[in-house]
Amino acid sequence: MVRGKTQMKRIENATSRQVTFSKRRNGLLKKAFELSVLCDAEVSLIIFSPRGKLYEFSSTSIHQSIERYRRHTKSETSTTFRSVEQNMQHLKQEAANMMKKIELLEAAKRKFLGEGVGSCSVEELLRIEQQLERSLSNVRARKLQLFRDQIEQLKEKEKALVDENAKLTENVRLAEKNGMHLQLATKDQNENQPQNCAESSPSSDVVTELFIGLPDTRTKGLSHQV
């Protein structure tokens, strides 16, 4: 029979819960003993039953294991505390240095703006003046560069507009030329149209004559004309 997977939750039935506790407690104590023997490890195990009964196992002495555990955790705690304290001191020192730098930068900014220069020496004023001149030179150089870039862009736009204007002028000239040719062709067609109509008309060579009289008399008249 295949054994199903045990669900990790509290067993509601008291009898089943007590049976399971006894079996797994014995198995846990057995595993602790095997670990201490096979691996030569110091193993201590403390178990309290649901009713408060104590079960314990130790490869040496349970009290020695507990004392050793206390010393170990105390050493780790003190080391961690010292490390945290050192980090805090380092962060405080960095914060103080940053505050000093900020104060110096704020003072230099005020001096560049012409504020608080009453307490400055001649050498310090000369340094401020030189720094301002360098800054002004950089600003002017940047401004000239921007002007050059804008001029180049305007030149490119002007060139593009000139090319577009030339294309439009050429298109207009071609359109006018094609219009003149169309007008001449229409004029020639209009001038030749009456002559062609006269030549092609079959009634231009036909002579008609009205004759009133008897049929015999009409026949004689026609024979005399021939």
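Values below: all heavy atoms of this structure, side chains included; hydrogens, waters and symmetry mates excluded. Because the structure is a prediction, the values reported are computed rather than measured.
Looking at T73, its side chain does come within 3.5 Å of a backbone N or O of R70 through a donor-acceptor pair. Of the possible polar contacts, none joining the N165 side chain to the L161 backbone as a donor-acceptor pair under 3.5 Å is found. Formation of a donor-acceptor pair under 3.5 Å by the S16 side chain with backbone atoms of E12 is not found in this model.
Not counting sequence neighbours, the partners of S59 by the side chain to side chain contact (heavy atoms under 4.5 Å, CB included) test are S36, E42. With sequence neighbours excluded, the residues satisfying salt bridge (Lys or Arg N to Asp or Glu O under 4.0 Å) with R173 are E170.
Taking hydrophobic clusters as Ile, Leu, Val, Met, Phe, Trp and Tyr residues chained together by side-chain heavy-atom distances below 4.5 Å, V43 does not share a cluster with I66.
The structure places CE of M99 at 5.5 Å from CD1 of I102, a figure rounded to the nearest 0.5 Å. Note: K109 NZ to L105 CG = 10.0 Å, rounded to the nearest 0.5 Å. With rounding to the nearest 0.5 Å, the separation of OG1 in T169 from CD in E164 is 10.5 Å. Atom CZ of residue R51 and atom CZ of residue F21 lie 10.5 Å apart, to the nearest 0.5 angstrom. Note that the CD atom of E103 and the NZ atom of K100 stand 9.0 Å from one another [nearest 0.5 Å]. Rounded to the nearest 0.5 Å, atoms NE2 (H63) and OG (S61) are 6.0 Å apart.
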Could you go through the side chain to side chain contact (heavy atoms under 4.5 Å, CB included) check for S49 and Y55 one step at a time? CA-CA 8 Å; S49 68; Y55 300 91; 3.9 Å; yes
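E158 CD: 12 or fewer foreign heavy atoms inside a 6.0 Å radius. Heavy atoms of other residues, nucleotides or ligands lying less than 6.0 angstrom from CZ of R25 number more than 12. Within a 6.0 Å sphere centred on CG of D40, other residues, nucleotides and ligands contribute 12 heavy atoms or fewer.
L54 has its side chain out of reach of I47: every pair of non-hydrogen atoms, C-beta onward, lies at least 4.5 Å apart. Side-chain atoms of S44 and F57, non-hydrogen and from C-beta on, never get closer than 4.5 Å to each other. At a threshold of 4.5 Å between non-hydrogen side-chain atoms, the residues I62 and L45 do not count as touching. With contacts defined as side-chain heavy-atom distances shorter than 4.5 Å, the pair L38/F33 does not qualify. In this structure, the side chains of Q93 and Q89 stay at 4.5 Å or more apart for every pair of heavy atoms.
A side-chain contact (heavy atoms from CB on, under 4.5 Å) with L146 is found for one member of K143, R148, R142 and no other, namely R142.
Between Q131 and R134, the side chains place a donor N or O and an acceptor N or O closer than 3.5 Å (distance only, hydrogens not considered). There is a side-chain donor-acceptor pair under 3.5 Å between Q145 and D149. Side-chain polar atoms of E94 and H90 form a donor-acceptor pair below 3.5 angstrom.
For the pair K111 and I128, the tightest heavy-atom approach, listed with the atom from each and the gap, is CB-CD1, 3.8 Å.
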